[in-house]
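For reference, positions follow the sequence shown, starting with 1.
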Amino acid sequence: MGSSRNLTLYVDLLSQPCRAVTIFCRVNEIEADVQIVSVLKKETREPPFLAINPLGQVPAIDDGGFTLSESHTIMRYLAATRKVADHWYPEDLEKRACVDRVLDWHFGNLRRDAAQFLEHRELAPLLGRTKNPTLAAEAEDSLKQSLKTMETVWLKDSPFLAGGSQPSIADISSACELQQLKLLDKEESGGLLAPYEKVKAWMVAVEEFTAPYFVDTHGVLEKLAKILEDRRKSEAEAEVETAPKL
């Protein structure tokens, strides 16, 4: 099914769900007027955007006057209204249910765990909040459990999360979530994923299938990772300078 309506996509590419929707549109050649709405600048709380999404969250779309939010719902809707390959969100109801199952799991597990872990390990100061080491440690334990579930359940017998031989929208959402781990120190990020060979292979497969858009869309994340790396080095140097001299 195609659509002749004009689509506007409202995103902040620092957001994992926004990157997922953006990659999905680019891979499937879905034409959209992309509007950047900065969360850090609180543009999502300004009246023009609240008219699009009263909840004040990105991503959101305006499809010829029909507005919609929530990344999973947006991708389901676009899969139904645009010409996209069936594997992204299958017509077969059993296969579609398998995709929905992973999407529901993702939101209540992987997304929650990764977001809380990164906030309290790295991102809290950028958000005007205070790091909480206890919450970071708890979220890290939960994140490892989510990674174990991916390794031993969703990827046990399939290269992709919903059981198909090609990726679905569930793979894009989850891959964008795990790509956020690049904001950590490289050694720590690599250590988290080290035990999960199937997860690492799956990440490579999703990136290759969506090339070059996965890497391109995550360019903003690479810039933020460099900022955080420089900050860690500065903090380490400051600790050395202020350490008691023996």
### Task
Would you name the heavy atoms of Trp202 and Ala175 that are closest together and state the gap between them?
CH2-N, 3.4 Å
### Query
Do Gln16 side-chain atoms and Glu177 backbone N/O form a donor-acceptor pair below 3.5 Å?
no
### Message
Could you measure the distance from the OG1 atom of Thr22 to the CD1 atom of Ile36? Nearest 0.5 Å is fine.
### Response
7.0 Å
### Message
Pair Leu7, Leu78 - check side-chain contact (heavy atoms from CB on, under 4.5 Å), show working.
### Response
CA-CA 10 Å; Leu7 176 68; Leu78 293 176; 4.0 Å; yes
### Task
With side-chain contact (heavy atoms from CB on, under 4.5 Å) as the test, would you mind laying out the steps for Leu40 and Leu14 before giving the verdict?
CA-CA 9 Å; Leu40 292 178; Leu14 287 174; 4.1 Å; yes
#### Entry: Contact summary for Tyr213 and Ile23, nearest pair of heavy atoms
O-CG1, 4.0 Å
### Message
Using a 3.5 Å distance criterion without hydrogens, assess whether the side chain of His87 forms a donor-acceptor pair with backbone atoms of Pro167.
### Response
yes
### Heavy-atom check, side chain of Leu161 versus side chain of Val99, under 4.5 Å
no
### CZ on Phe160 to OG on Ser168, rounded to 0.5 Å
9.0 Å
### Message
Can you confirm whether or not the ring centre of Phe66 sits under 6.0 Å from the ring centre of Tyr77?
### Response
yes
### Exercise: identify the closest heavy-atom pair between Ala162 and Cys98
O-CB, 3.6 Å
### Task
Tell me whether Val37 is reachable from Ile74 by hopping between hydrophobic residues (I, L, V, M, F, W, Y) whose side-chain heavy atoms are closer than 4.5 Å.
no
### Query
So, the side chain of His120 versus the backbone of Leu135: is there a donor-acceptor pair under 3.5 Å, distance only?
no
#### Entry: Test item: Met203 and Leu178 side chains (from C-beta on) under 4.5 Å apart, heavy atoms
yes
### Query
Do you know the tightest heavy-atom contact between Met75 and Ser173?
CE-OG, 3.2 Å
#### Entry: Donor-acceptor contact present, side-chain Asn28 to main-chain Ile30, <3.5 Å
no
#### Entry: Glu140 and Lys144 ion-paired at < 4.0 Å
yes
#### Entry: pair Leu224-Leu183: side-chain heavy atoms closer than 4.5 Å
yes
### Task
Determine whether the side chains of Ser146 and Asn109 contain a donor N or O and an acceptor N or O closer than 3.5 Å.
no
### Message
With side-chain contact (heavy atoms from CB on, under 4.5 Å) as the criterion, how do Thr210 and Val215 come out once you've worked through the C-alpha distance, each side chain's angles and the decisive distance to 0.1 Å?
### Response
CA-CA 9 Å; Thr210 58; Val215 172; over 6 Å; no
### Task
Answer with yes or no whether the side chains of Gln116 and Arg111 bring together a donor and an acceptor at under 3.5 Å.
no
### Message
Same cluster or not: Val58 versus Val220, using hydrophobic residues (I, L, V, M, F, W, Y) connected whenever any side-chain heavy atoms lie under 4.5 Å apart?
### Response
no
### Query
Between Asp12 and Arg19, does at least one N-O distance fall below 4.0 Å, as a salt bridge requires?
no
### Task
Without swapping roles, check the side chain of Asp113 against the backbone of Ala139 for a donor-acceptor pair under 3.5 Å.
no
### Message
I'd like to know if the side chain of Asp86 and the backbone of Glu91 have a donor-acceptor N/O pair within less than 3.5 Å.
### Response
yes
### Task
Please report the shortest heavy-atom distance between Arg45 and Leu55, naming the atom on each side.
NH1-O, 3.5 Å
### Task
From the options Asp33, Asp62, Asp63, select the one residue that forms a salt bridge (charged side-chain N to carboxylate O under 4.0 Å, His left out) with Arg5.
Asp63
### Query
Taking the side chain from Ser15 and the backbone from Cys18, do they hold a donor-acceptor pair closer than 3.5 Å?
yes
### Query
Short question: side chain of Ser158, backbone of Gly164 - any donor-acceptor pair under 3.5 Å?
yes
### Task
Examine distances only and state if a side-chain atom of Ser189 and a backbone atom of Asp185 form a donor-acceptor pair shorter than 3.5 Å.
no
#### Entry: Ile61 side chain near Tyr10 side chain, heavy-atom distance below 4.5 Å
no
### Message
Check this for me: does any side-chain nitrogen of one of Arg76 and Asp100 sit under 4.0 Å from a carboxylate oxygen of the other?
### Response
yes
### Query
Under 30°, 30 to 60°, or over 60°: which ring-plane class applies to Trp88 and Phe24, parallel, tilted or perpendicular?
perpendicular
### Task
Kindly indicate whether the side chain of Phe209, heavy atoms from C-beta on, has any atom under 4.5 Å from the side chain of Gln166.
yes
#### Entry: Spacing of Glu43 atom CD and Leu50 atom CG [to the nearest 0.5 Å]
12.0 Å
### Query
If two hydrophobic side chains count as joined below 4.5 Å and joins carry through other members, does Val206 share a cluster with Leu193?
yes
### Message
Once rounded to the nearest 0.5 Å, what's the spacing between atom OG1 of Thr134 and atom CD of Glu138?
### Response
6.5 Å
### Query
Between SG of Cys176 and CG of Leu13, what distance do you get to the nearest 0.5 Å?
10.0 Å
### Query
Got a second to check how far Gln57's CD is from Thr44's OG1, nearest 0.5 Å?
8.0 Å
### Query
Do His72 and His106 have side-chain heavy atoms sitting under 4.5 Å apart?
yes
### Task
Would you name the heavy atoms of Pro17 and Pro59 that are closest together and state the gap between them?
CB-CD, 3.9 Å
### Task
Determine yes or no for a side-chain-to-main-chain donor-acceptor pair under 3.5 angstrom, with Glu151 supplying the side chain and Lys198 the backbone.
yes
### Task
Run the salt-bridge test on Glu197 and Lys200 with the 4.0 Å N-O cut-off and return the result as yes or no.
yes
#### Entry: pair Asp141-Gln145: side-chain heavy atoms closer than 4.5 Å
no
### Query
Going hydrophobic residue to hydrophobic residue with side-chain gaps under 4.5 angstrom, can you get from Val34 over to Leu221?
yes
### Query
Side chains of His218 and Lys182: closer than 4.5 Å at any heavy-atom pair?
no
### Message
Is there a continuous path of hydrophobic side-chain contacts, each under 4.5 Å between heavy atoms, that joins Phe49 to Leu68?
### Response
no
### Query
Stepwise, does the salt bridge (charged side-chain N to carboxylate O under 4.0 Å, His left out) test hold for Asp230 with Lys226?
CA-CA 6 Å; Asp230 291 343; Lys226 182 64 168 61; 3.0 Å; yes
### Message
Please determine whether side-chain contact (heavy atoms from CB on, under 4.5 Å) holds for the pair Arg112 and Phe107, giving the CA-CA distance in whole Å, both sets of side-chain angles, and the decisive distance to 0.1 Å.
### Response
CA-CA 7 Å; Arg112 176 201 62 201; Phe107 190 81; over 6 Å; no
